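Below, read A as the first sequence line, B as the second, and so on, with proteins coming before strands; counting in each chain starts at 1. What you see is a predicted model; the values in this text were computed from it and never measured. Atoms considered below: every heavy atom in the structure, side chains included; atoms not considered: hydrogens, waters and symmetry mates.
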There are 2 protein chains.
Amino acid sequence: MSTIARSPRRAAFFLSDRTGITVEMLGHSLLSQFENVPFDETTLPYLDTEEKAAAVVRKINERASADGLRPLVFSTFVNPQIRFVLDSANALHLDCFSIFIASMEAELGIRSSHAIGLSHRVGQPLDHGRRIEAIQFTLEHDDGLSQRNWQQADITLTGISRTGKTPTCLYLALQYGIYAANYPLIPEDFNRVELPAQFKKLRGKLFGFTIDPMRLHRIRSERKPDSEYASLKNCQYEVRQAETLMRREGIPYLDVTSKSIEELATAVLHQAKLERKIY
Amino acid sequence: MSTIARSPRRAAFFLSDRTGITVEMLGHSLLSQFENVPFDETTLPYLDTEEKAAAVVRKINERASADGLRPLVFSTFVNPQIRFVLDSANALHLDCFSIFIASMEAELGIRSSHAIGLSHRVGQPLDHGRRIEAIQFTLEHDDGLSQRNWQQADITLTGISRTGKTPTCLYLALQYGIYAANYPLIPEDFNRVELPAQFKKLRGKLFGFTIDPMRLHRIRSERKPDSEYASLKNCQYEVRQAETLMRREGIPYLDVTSKSIEELATAVLHQAKLERKIY
């Protein structure tokens with residue numbers, strides 16, 4: 001038997017008495033600051049009783065014994081009893097709630113409610129109506145599909161095909177409850193002297209996307225290899241024409257080349273000064 | 001002049017050198033623990049230089065003077081210099097990064113990289129390919145639209161109309177990179193002795209939604225008032241038939257009545273033991 005054990009991946013748990021989405025995001029980004037440590041990340045949501053918490057403590061302790069290393073535990077427990085149970089685990093327990101609540105209580109001069117689920121008190125079950133309505137609107141107004149009620153859009157994204165309009169619209173609808181439509185620019189738009197009339201009415205609520213032609217060429221080639229649509233020459237032409245049109249029409253636009261969908265969505269939200277409707 | 005000033009809303013800032021999505025979620029849920037305090041929440045993302053940070057400090061200080069109350073500032077700054085600038089603000093500064101990094105460094109025995117943007121290092125710009133591909137797949141397989149490549153679905157949600165299948169699928173695709181299809185149950189499915197053949201093939205990757213008939217009646221009435229579709233009698237019938245079918249076919253299902261879209265998505269992710277593909 002060798003005394004040199006296989007180096008285990010370091011266990012990390014994200015625990016919550018609700019969905020765990022927040023603690024998972026925060027914990028994951030903290031872990032990613034330690035690039036050279038391989039982590040084994042597990043999210044366990046809805047730990048809303050002391051019994052469930054005790055079962056998780058056993059699981060964490062088993063892992064600690066097996067690895068010979070304490071797991072890292074990130075949590076957002078509103079309920080102090082459940083947090084207390086978790087504190088008994090053989091782990092580095094980093095609770096994202098308790099660490100701030102005390103100083104917030106001191107600053108605000110009142111006690112917190114320690115109530116589960118308040119973070120989403122604004123929303124109703126099944127999210128009626130804003131979130132679902134926003135998604136419904138966005139799906140109905142994807143790719144210029146419907147002209148109906150377009151003036152209700154909080155924002156209309158425009159740009160040529162494959163610049164990320166649809167996923168960005170969906171992100172805006174899902175995360176922020178924004179009514180986001182999109183209007184694709186196609187070659188026949190470039191030849192027009194003017195924008196289509198219904199499009200003109202949206203002025204002030206238009207936001208454009210552009211992209212590096214080489215990158216666009218690669219993206220389009222993945223879907224339609226060796227097509228005229230995907231050719232570098234055509235991509236260069238479409239990008240140049242679309243930028244000319246957006247400048248001429250005074251449509252603010254940004255370059256999506258090095259951005260992820262969530263970066264695009266937050267950039268649009270802030271640059272277009274949209275108000276988020278939901279949390 | 002009265003000495004009793006109008007009670008101002010307490011200012012809260014969510015600051016980040018990236019999108020601010022994480023700090024906004026965490027900060028908002030912390031604030032919501034203080035139900036009786038009216039907060040005025042502002043997110044300022046992309047504060048990635050000391051100059052931008054200094055400008056924000058001035059903004060925070062102006063607000064503190066105007067209100068006669070220190071704002072609450074939640075931040076996730078990876079860059080310690082920027083954090084340092086913010087610490088000079090007249091505010092309660094709660095930095096969600098620095099508070100944990102030191103104890104993580106001690107536990108792991110190494111220094112963190114203090115590098116911006118690592119939390120999304122897995123993703124490429126414009127999120128090619130998993131996130132965008134997942135959204136594309138989900139849109140193509142919404143409402144049983146396309147049968148093509150359905151076997152590629154990580155999960156297929158089923159249930160009657162207006163149980164939240166589409167938004168939940170989109171959330172799974174956007175947040176987790178899951179290929180989520182959905183197959184609506186319509187009255188003609190109830191009269192069949194068997195499920196459609198292509199549906200049978202999905203066994204093990206099917207997950208059902210059901211809902212309280214009274215709630216369904218209200219939801220459907222908002223869209224199609226006074227229709228047979230929305231009538232309580234029909235809603236009761238469809239729910240009963242759908243549940244009978246799902247039980248008969250061994251499809252696990254959950255009741256969506258009191259759940260938000262994000263709760264549904266995380267419940268499906270965990271109950272169906274799906275692996276998240278992206279952070």
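- Ranked by heavy-atom pairs under 4.5 Å with chain B, the list A:Ile101, A:Val23, A:Leu108 is led by A:Leu108.
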Report the C-alpha distance between B:His270 and A:Tyr46 in whole Å, list the side-chain angles of each, state the deciding distance to 0.1 Å, and finish with yes or no for side chain to side chain contact (heavy atoms under 4.5 Å, CB included).
CA-CA 10 Å; B:His270 292 279; A:Tyr46 302 116; 5.8 Å; no
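- By the 6.0 Å contact criterion, NZ on B:Lys52 is enclosed, its count of non-hydrogen atoms from other residues, nucleotides or ligands being greater than 12.
- Neither the backbone nor the side chain of B:Asp212 comes within less than 4.5 Å of any heavy atom of chain A.
- The parts of A:Leu26 that come within reach of chain B are both its backbone and its side chain, each placing non-hydrogen atoms under 4.5 angstrom from that chain.
- Contact record, A:Pro167 with B:Ile132: CG-CG1, 4.0 Å, taken as the closest heavy-atom pair.
- With a threshold of 4.5 angstrom between heavy atoms, A:Phe39 approaches chain B through side-chain atoms but not through N, CA, C or O.
- For residues 67-77 of chain B, a heavy-atom distance under 4.5 Å to chain A picks out B:Arg70, B:Leu72, B:Phe74, B:Thr76, given by residue number.
- Contact of A:Gln175 with chain B is made through the side chain alone, with heavy-atom distances under 4.5 Å.
- Most heavy-atom pairs under 4.5 Å with chain B: of the set A:Ala267, A:Ala106, A:Pro45, A:Ala173, this distinction falls to A:Pro45.
- For A:Thr166, the side-chain contact (heavy atoms from CB on, under 4.5 Å) criterion is met by A:Asp142, A:Leu170, A:Asn182, B:Leu139, not counting sequence neighbours.
- Heavy atoms of A:Gln136 lying under 4.5 Å from chain B belong exclusively to its side chain.
- Taking all atoms of both residues into account, the shortest heavy-atom contact from B:Ser103 to A:Leu92 is O-CD2, 3.7 Å.
- Taken to the nearest 0.5 Å, the CD1 atom of B:Ile99 stands 11.0 Å off from the CG atom of A:Leu30.
- Remark: side-chain polar atoms of B:Ser112 are not paired, donor with acceptor, to backbone N or O of A:Phe34 under 3.5 angstrom.
- Rounded to the nearest 0.5 angstrom, A:Glu262 CD and B:Arg18 CZ are separated by 7.0 Å.
- For the pair B:Phe100/A:Gln33, no side-chain contact is recorded, criterion being any heavy-atom separation below 4.5 Å from C-beta on.
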CA sep, side-chain torsions, deciding dist, call: B:Glu41, A:Arg276, salt bridge (charged side-chain N to carboxylate O under 4.0 Å, His left out):
CA-CA 11 Å; B:Glu41 304 174 26; A:Arg276 73 184 287 164; over 6 Å; no
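- Of the residues considered (B:Ile110, B:Leu44, B:Ile135, B:Leu174), B:Leu174 shows the highest number of contacts with chain A, using heavy-atom pairs under 4.5 Å.
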